[in-house]
4 protein chains.
Amino acid sequence: MDGTAAAPARTRGRPRSARADTAILAATRALLAERGWADLTIAEVAARAGVAKTTLYRRWPGKADLVVDAMAELFSRLEVADRGSMLHDALAAVGQYVDLLQLPETQAALLALAAEADRDPSLRAKVRSQVIDPQRRLVYEAWERACARGEVEGETDVDLIFDMICGTLVHRILIKGEPVDEAYLTRFVSVLLAGLAQLRMSGGI
Amino acid sequence: MDGTAAAPARTRGRPRSARADTAILAATRALLAERGWADLTIAEVAARAGVAKTTLYRRWPGKADLVVDAMAELFSRLEVADRGSMLHDALAAVGQYVDLLQLPETQAALLALAAEADRDPSLRAKVRSQVIDPQRRLVYEAWERACARGEVEGETDVDLIFDMICGTLVHRILIKGEPVDEAYLTRFVSVLLAGLAQLRMSGGI
Amino acid sequence: MDGTAAAPARTRGRPRSARADTAILAATRALLAERGWADLTIAEVAARAGVAKTTLYRRWPGKADLVVDAMAELFSRLEVADRGSMLHDALAAVGQYVDLLQLPETQAALLALAAEADRDPSLRAKVRSQVIDPQRRLVYEAWERACARGEVEGETDVDLIFDMICGTLVHRILIKGEPVDEAYLTRFVSVLLAGLAQLRMSGGI
Amino acid sequence: MDGTAAAPARTRGRPRSARADTAILAATRALLAERGWADLTIAEVAARAGVAKTTLYRRWPGKADLVVDAMAELFSRLEVADRGSMLHDALAAVGQYVDLLQLPETQAALLALAAEADRDPSLRAKVRSQVIDPQRRLVYEAWERACARGEVEGETDVDLIFDMICGTLVHRILIKGEPVDEAYLTRFVSVLLAGLAQLRMSGGI
DNA sequence: CAGTAATCGAGACGGTACGTCGTGTCTTATA
DNA sequence: TATAAGACACGACGTACCGTCTCGATTACTG
């Protein structure tokens with residue numbers, strides 16, 4: 001725990017430009033929003049970032065890995081403070097998901113990344129750790145708080161709840177391409193909490 | 001006057017080969033399963049189908065449109081007969097979804113199609129009518145039967161239920177790439193029906 | 001010598017349309033003039049002639065053979081009546097060549113046909129009999145008349161003279177793409193006849 | 001300041017491979033000889049040269065431009081030293097033309113290039129400067145020497161003489177596809193010089 | 001005057017080459 | 001050693017023509 005954990009810092013030759021990284025990731029997000037996944041080209045990202053292709057390839061092996069890192073910056077901001085009750089925690093989490101899934105960058109990237117990852121285990125691992133897990137954290141922590149409050153109890157499967165929350169919203173927003181309004185969210189959370197509440201009576205799921 | 005209003009009967013020139021269509025769609029599904037979406041090439045589909053590239057392009061403008069039609073044949077087979085109760089109807093529907101989502105063709109194609117459709121309204125319409133709607137029918141019809149049986153009542157939002165069912169499974173199987181077992185399905189249907197049952201008490205969602 | 005020498009005239013079934021032949025050859029010449037050799041397509045010839053591709057292919061095996069026949073109609077009109085002297089016969093023949101070589105059809109077709117014929121003996125034979133020989137006849141007949149008049153005598157090589165006349169004009173008009181004016185023609189015929197006249201003195205070539 | 005005014009010295013990025021140029025042009029000549037003009041494909045040239053198609057297209061816009069440059073290397077070698085008299089200069093020049101026109105590369109390319117150039121002014125300019133002019137130089141220089149020797153005099157039209165020499169040989173060898181033997185050449189040069197000699201008597205052409 | 005057979009327009013078909021685009025690697029000179 | 005610039009090998013793309021084929025519909029001779 002000395003801080004610079006990895007700290008290889010082999011400082012022979014010219015050091016890598018930190019500005020380049022920032023510019024490349026920003027350009028990637030901008031072009032994802034403008035052009036979508038299929039029409040996003042490495043060459044154009046480099047050009048937009050004011051960087052040579054070489055510089056980009058020295059950092060990321062290809063388009064998918066680049067986009068994972070670009071999107072990771074957005075997903076790492078997900079955070080839900082304690083809202084006092086499971087209901088309000090749920091509403092807050094769902095709200096954050098919706099905001100994120102409605103960004104054009106996300107629309108362009110998330111399903112495409114998942115599709116690419118189907119055949120590529122190393123990519124799948126990156127998507128998992130940088131995109132999926134940050135989302136799961138919200139559900140996990142809210143559930144912990146609900147347990148602590150005594151709102152739920154018993155053996156539970158947080159992953160099922162996570163799939164139900166994110167899956168429903170992904171299906172609605174990304175797969176079907178339809179917007180979500182307040183009414184939809186209210187009903188969704190209502191059915192969801194009703195289901196979870198029932199569990200308490202029947203002794204856990 | 002039975003409904004085949006179109007009556008094309010365009011008898012000018014050599015008619016299109018029905019065998020070609022069949023062979024192309026079969027080759028597409030086979031190669032999707034073998035190679036995945038990204039490594040699926042039009043040229044190889046044509047070669048596998050024993051057909052010239054031109055013949056394929058005369059029917060479909062590109063990879064995505066071809067794959068929609070190829071997958072449509074699988075999704076059109078979705079069907080759930082009356083199982084006697086909402087619980088059994090739900091289990092049957094979920095079972096069909098799971099079987100379909102676990103096919104390698106589906107793993108390769110579904111998310112990729114949804115991703116491509118993001119920027120292409122005409123593709124989105126095709127995906128909607130040939131892939132999404134056939135899935136929705138199962139939920140819709142099961143819900144109608146449940147209403148007829150008196151298991152549920154009141155104004156409802158079938159689309160929300162549909163998003164919850166398919167979204168959850170898509171998230172689990174396709175996005176996270178994890179398998180579903182009996183225990184997962186049991187818990188899932190249990191939470192779901194608990195949520196829906198609660199609605200009856202509270203007078204609809 | 002029964003007249004209809006070949007006379008296969010197997011008259012079973014619908015006879016071929018004579019109008020089609022005419023229309024196809026005319027369309028070929030028109031499109032040669034408009035588009036040149038490389039951009040002349042069989043499909044467009046057929047369309048312009050108001051005829052199906054099948055109809056065209058039933059008569060000619062390919063572009064080159066079609067164009068030979070189309071051009072043959074122009075070259076078959078070459079004719080030089082007796083002008084009374086070798087000088088005037090030569091001027092008349094050269095004038096006819098120049099007129100023909102300056103037609104856009106000829107510019108488009110003649111060199112291309114000769115180039116195609118390089119690898120195709122059967123095409124070469126057709127070009128020879130339908131394009132080259134009709135040109136050669138002018139020189140041959142004029143030379144015969146000159147002999148009869150006593151303007152020349154001795155063993156001669158009409159083919160050399162033919163090469164010199166047509167070759168010079170082809171090089172000027174088709175290969176270099178430069179126009180010929182009166183002055184050029186006068187000097188050309190002057191040098192040519194001077195050379196031939198010299199032969200008489202030296203006893204034939 | 002020796003004349004290399006252009007001084008490109010564009011030292012940005014990886015320089016173009018000189019080996020690629022050489023290999024492409026050599027492959028072009030080889031395949032011209034093997035396959036002829038019509039069956040020469042860019043893809044095969046690239047493959048034979050061990051080069052990607054892109055590399056070829058970066059240098060030449062199409063088949064015709066490539067072939068002009070490939071042939072230019074052959075035509076640039078034309079050279080006739082002073083043979084002491086117009087007769088011997090003429091024989092030497094004609095011999096060089098004949099050797100060049102009888103190469104299979106030339107048979108395949110020259111007429112095809114001239115035909116293509118018919119519709120393409122920029123191609124015509126290239127053919128002119130890289131194929132026609134190098135041939136013309138032989139006639140021009142021989143004529144200059146003949147003037148210096150006093151063998152000819154007066155205003156002359158070198159281009160007419162050039163057309164007569166090259167045109168005759170092109171017509172014989174390329175258009176009619178017939179070989180030239182010693183007898184033909186002797187008669188040809190004899191008639192030609194007789195014609196030119198006559199000019200001296202009559203005071204120029 | 002019905003039968004028969006080759007033609008016709010139309011357009012789908014298998015095939016080949018095209019010229020372009022994107023990828024990820026490389027080779028320069030410069031920093 | 002990293003960088004900008006750009007050439008490079010590779011492979012897929014979607015298009016264009018080719019020459020063949022399969023249709024239904026004509027159009028003449030033939031029996």
Side-chain angles (χ1 to χ4, degrees), chain A residues 10-17 19-20 38-44 46-47 49-63, chain B residues 9-17 19-20 38-44 46-47 49-63, chain C residues 9-17 19-20 38-47 49-63, chain D residues 9-17 19-20 38-44 46-47 49-63:
Chain A
R10 187 71 76 254
T11 52
R12 289 270 289 252
R14 175 172 172 176
R16 288 196 184 165
S17 156
R19 297 189 45 169
D39 293 344
L40 179 78
T41 69
I42 296 286
E44 196 178 12
V51 143
K53 269 200 301 174
T54 328
T55 302
L56 198 155
Y57 275 111
R58 216 185 312 277
R59 290 158 164 80
W60 293 277
K63 180 157 91 167
Chain B
R10 182 73 69 259
T11 63
R12 291 272 281 247
R14 177 176 175 173
R16 290 202 179 163
S17 159
R19 296 189 48 167
D39 292 343
L40 179 77
T41 67
I42 297 286
E44 196 177 12
V51 143
K53 259 198 306 175
T54 338
T55 299
L56 201 155
Y57 278 112
R58 198 173 290 118
R59 291 158 164 77
W60 295 278
K63 182 156 87 166
Chain C
R10 187 71 75 255
T11 51
R12 291 271 288 251
R14 176 174 175 174
R16 289 194 183 166
S17 156
R19 295 189 47 168
D39 293 344
L40 180 76
T41 69
I42 296 286
E44 197 179 12
V45 170
V51 142
K53 267 199 304 174
T54 328
T55 301
L56 199 155
Y57 276 111
R58 201 173 285 120
R59 290 158 165 79
W60 293 276
K63 180 156 90 167
Chain D
R10 183 73 70 256
T11 62
R12 292 271 280 247
R14 178 175 174 174
R16 292 204 178 160
S17 159
R19 294 188 48 169
D39 292 344
L40 180 78
T41 67
I42 297 286
E44 197 178 12
V51 143
K53 261 198 306 175
T54 339
T55 299
L56 201 155
Y57 278 112
R58 198 174 290 118
R59 292 159 163 79
W60 294 278
K63 183 156 85 167

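Letters go in sequence order (proteins before strands), and every chain restarts at 1.
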Open item on the list: Once side chain to side chain contact (heavy atoms under 4.5 Å, CB included) is applied, do any residues pair with A43(C), and if so which ones, sequence neighbours excluded?
Closed with: T41(C), K53(C)
Task: From dT7(E), dA12(F), dC13(E), nucleotide with atom closest to R16(C) side chain - done: dT7(E)
- [ ] Mind calculating the distance between CG (D39(C)) and P (dC18(F)) to the nearest angstrom?
- [x] 11 Å
Open item on the list: Please classify the nucleic acid contact of R59(B) as base, sugar-phosphate, or nothing, using heavy-atom distances under 4.0 Å.
Closed with: sugar-phosphate
Task: Short side-chain N/O contact to dG14(E) OP1/OP2 from T55(B), under 4.0 Å - done: yes
Open item on the list: Under 4.0 Å, heavy atoms only, any strand: does G50(C) hit a base, just the sugar-phosphate, or nothing?
Closed with: sugar-phosphate
TODO: At under 4.0 Å between heavy atoms, which parts of nucleotides 25-31 of chain E does protein reach? Answer with one letter per nucleotide, 5' to 3': B base, S sugar-phosphate only, - none.
DONE: BBBBS-B
- [ ] Could you list the residues that satisfy side chain to side chain contact (heavy atoms under 4.5 Å, CB included) with A52(D), not counting sequence neighbours?
- [x] T54(D), T55(D)
Open item on the list: For A52(B) and K63(D), find the nucleotide of DNA chain E closest to each by heavy atoms; which residue's nucleotide sits nearer the 5' end?
Closed with: A52(B)
Open item on the list: Can you list everything that forms a side chain to side chain contact (heavy atoms under 4.5 Å, CB included) with A49(A)? Sequence neighbours excluded, please.
Closed with: A23(A), I24(A), A27(A), V51(A)
Task: Partner set under salt bridge (charged side-chain N to carboxylate O under 4.0 Å, His left out) for R59(A), not counting sequence neighbours - done: D21(A)
TODO: Send over the distance from W60(A) CH2 to dG24(E) P, rounded to a whole Å.
DONE: 14 Å
Open item on the list: Using whole Å, what does the distance between atom C1' of nucleotide dA4(F) and atom CZ of R19(A) come to?
Closed with: 15 Å
Task: Residue mapping more 5' on DNA chain F - nearest nucleotide basis, I42(B) or V51(A) - done: V51(A)
Task: Minimum side-chain heavy-atom gap W60(B)-I42(B) below 4.5 Å - done: no
Task: Residues in side chain to side chain contact (heavy atoms under 4.5 Å, CB included) contact with R19(C), at least two apart in sequence or another chain - done: S17(C)
- [ ] Indicate whether OP1 or OP2 belonging to dC13(E) is found under 4.0 Å from a side-chain N or O atom of R58(B).
- [x] yes
TODO: Would you kindly give the CG-to-C1' distance between L56(D) and dA7(F), to the nearest whole Å?
DONE: 14 Å
